[in-house]
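Predicted model only: the values in this text are computed from it and were never measured.
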Amino acid sequence: MTISLTVNGSPVELADGTTVAALVEQRTSGHDRVAVARNGDVVPRSSWATTELSPGDRLEVLAPTAGG
């Protein structure tokens, strides 16, 4: 079973039960400095492993980039 949500402005289908931690692992290619907002609220790193995503969630997964 899958759920539909939005990640960084794009529609995404993920497996039901996917956590924020799993999403970050899929999306960030090893970046250790990442911030996640779910429906406009920052998700503390300490709760990523236990925060399951829900249908309709809007997430922003942000990693720092070099440059100016």
(message) For a side chain to side chain contact (heavy atoms under 4.5 Å, CB included) check, start with the C-alpha distance between Val34 and Arg27, then their side-chain angles and the critical distance, and finish with the verdict.
(response) CA-CA 10 Å; Val34 175; Arg27 291 265 173 172; over 6 Å; no

(message) Test your reading of the model: is there a side-chain donor-acceptor pair from Asp16 to the backbone of Thr2, 3.5 Å cut-off?
(response) no

(message) Quick check: do Leu23 and Arg38 have side-chain heavy atoms less than 4.5 Å from each other?
(response) no

(request) Can you see which heavy atom on Thr19 is nearest to which on Ala49, and at what distance? (result) CG2-O, 3.4 Å

(request) Walk me through it: do Leu53 and Val20 pass the test side chain to side chain contact (heavy atoms under 4.5 Å, CB included)? (result) CA-CA 7 Å; Leu53 303 175; Val20 171; 3.7 Å; yes

(message) Can you tell me how far apart CG (Leu5) and CG (Leu59) are? Round to the nearest 0.5 Å.
(response) 6.0 Å

(request) Please report the closest heavy-atom contact between Val43 and Trp48, naming both atoms and the distance. (result) O-NE1, 3.0 Å

(request) Compute whether any side-chain donor of one residue and acceptor of the other, for Ser4 and Glu13, lie under 3.5 angstrom apart. (result) yes

(request) Could you pull out the closest heavy-atom pair between Ser54 and Asp57, with the gap in Å? (result) N-OD2, 2.8 Å

(request) Could you grab the distance from atom CZ of Arg58 to atom CG of Asn8, nearest 0.5 Å is fine? (result) 10.5 Å

